[in-house]
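Below: one structure, written as structure tokens.
The chains referred to below are lettered A, B, ... by the order of the sequence lines, with proteins before strands, and numbering in each begins at 1.
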Protein chains: 2
Amino acid sequence: MQTQTTPTAPQSQPQASSQPQASSQPQASGRSLEHPRREAIRLEDVLHALSDPMRMRVVRTLAEEEETCELSCSVFDLPVSKSTTTHHFRVLRECGVIHQIYRGTAKMNALRRADLDALFPGLLDSVLAAAALQEGRLGGDRG
Amino acid sequence: MQTQTTPTAPQSQPQASSQPQASSQPQASGRSLEHPRREAIRLEDVLHALSDPMRMRVVRTLAEEEETCELSCSVFDLPVSKSTTTHHFRVLRECGVIHQIYRGTAKMNALRRADLDALFPGLLDSVLAAAALQEGRLGGDRG
DNA sequence: AGTGTAGTTTGACGATCGCCGTACTACGTC
DNA sequence: GACGTAGTACGGCGATCGTCAAACTACACT
């Protein structure tokens, strides 16, 4: 738990893999990503980020798979181009909703639940519940 | 309780004041406003509406003054022009966040709390709490 | 009828948004 | 080194957004 940041306490230190190990999993290395500090996360930005169906879909998937801790961008398979996918993940990161790190060629994503719950208690859960309720109500599958 | 709709169960019937009465308060009359039905309210539209600081400010004021039931547009005194104010209230109404009726020259506004609570339980409260928390955190007055 | 108040409508503006394709970089593997 | 994979950066496109000013409508009051 030292060469990789935990999603519950993300800090954006570059931390250029000082101890190489023969683990099967590649380490976070090379490029660094900018994340807003917890105190810099703004409610209006979070609401704006979540108001896009594509990004809501990402956040819901991340929340469902929360015990997995991290998902690569590619597992989402959004019905948009690669560059648009990059754009949406960047919006989510820059507004503080998700945490991203590079791991080999992949970029892993995790919800910043601890930060969001601390700043806006209950908000994420009620949004997720609302999204699930609405999906049931409209009967559609995530569209 | 028949010539005016209640904010807790708003229906958008025109209801053109069939029984005139000498009450001190002018009745809802004349122009009618379109409101989405409860089932037509979409989470993404609500989140988008709330992601604008000006509209969030309106919703928070409406929530604080909820026992008053209705507030005219003019009491808000937003730091934007009249036409922009009209625009923001229209966005809030069309996405189902507020209910509006004409009462004389004024247009009265009320939160559609019953509808929102039914569709998205806890969402409105956690958003309002988050906004209050953030205001305290940033120390600013509603900005 | 005239005046004032409250809000609307229209059209415009610059900014942002969501989306794309193309060209590119970084990494792992053969 | 060559190749494939994962994701980025750069522009560009049309649509939407927040904002405004100007002209307008609806109502109340004198």
Practice prompt. Using modelled atom types only, decide if a donor and an acceptor are shared between the side chain of B/Arg57 and the backbone of B/Leu78 within a distance under 3.5 Å.
Written response: no
Discussion item. Can you tell me which nucleotide in C/dC20, D/dT19, D/dG7 comes closest to the side chain of B/Val80?
Written reply: D/dT19
Item to complete: State plainly whether the residues A/Arg112 and A/Asp115 are in salt-bridge range, i.e. N to O under 4.0 Å.
Response: yes
Worksheet item: Side-chain donor-acceptor pair under 3.5 Å between A/Ser126 and B/Ser126, yes or no?
Response: yes
Worksheet item: Below 6.0 angstrom between ring centroids: does that apply to A/His35 and A/His99?
Response: yes
Worksheet item: Quick one: B/Tyr102 OH to C/dA6 C1', roughly how many Å, whole number?
Response: 10 Å
Fill in: Nucleotide of C/dG21, D/dG18, D/dA6 approaching A/Lys82 most closely (side-chain heavy atoms)
D/dA6
Worksheet, complete the sentence: When rounded to whole Å, the CG to P distance for the pair A/Asp77 and D/dG7 reads 12 Å
Practice prompt. Please report, rounded to the nearest Å, how far the P atom of C/dC17 is from the CG atom of B/Asp52.
Written response: 12 Å
Worksheet entry | Most 5' of B/Val75 and A/Ser51 on DNA chain C, judged by nearest nucleotide | B/Val75
Worksheet item: Which listed nucleotide (D/dC10, D/dG7, C/dG18) is nearest to the side chain of A/Arg55?
Response: C/dG18
Practice prompt. Would you classify A/His88 as touching base, sugar-phosphate or nothing, given that sugar-phosphate means primed atoms plus P, OP1 and OP2, and contacts are heavy atoms under 4.0 Å?
Written response: sugar-phosphate
Worksheet item: Atom NE2 of A/His48 to atom C1' of C/dC17: distance rounded to whole Å?
Response: 7 Å
Response to the item:
Of the listed C/dA6, D/dG18, D/dA6, the closest approach to the B/Thr105 side chain comes from C/dA6
Worksheet entry | Of the listed nucleotides C/dG7, C/dC20, C/dT9, the one nearest the side chain of B/Ser83 | C/dT9
Worksheet item: Is any side-chain N of the basic residue among B/Glu34 and B/Arg93 closer than 4.0 Å to the acidic one's carboxylate O?
Response: no
Worksheet entry | Nearest to side-chain heavy atoms of A/Thr84, which nucleotide of C/dG7, D/dC27, C/dC20 | C/dC20
Worksheet item: D/dC10 C1' sits how many Å from A/Arg90 CZ, rounded?
Response: 11 Å
Worksheet entry | Interatomic distance, B/Met108 CE vs C/dA6 C1' [rounded to whole Å] | 12 Å
Fill in: Selection from C/dG7, D/dG7, D/dT5 that lies nearest to any side-chain heavy atom of A/Ala106
D/dG7
Worksheet item: Could you give the CG-to-C1' distance, from B/Asn109 to C/dG7, as a whole number of Å?
Response: 11 Å
Discussion item. From CZ of A/Phe89 over to P of C/dG18, roughly how many Å is that when rounded to an integer?
Written reply: 14 Å
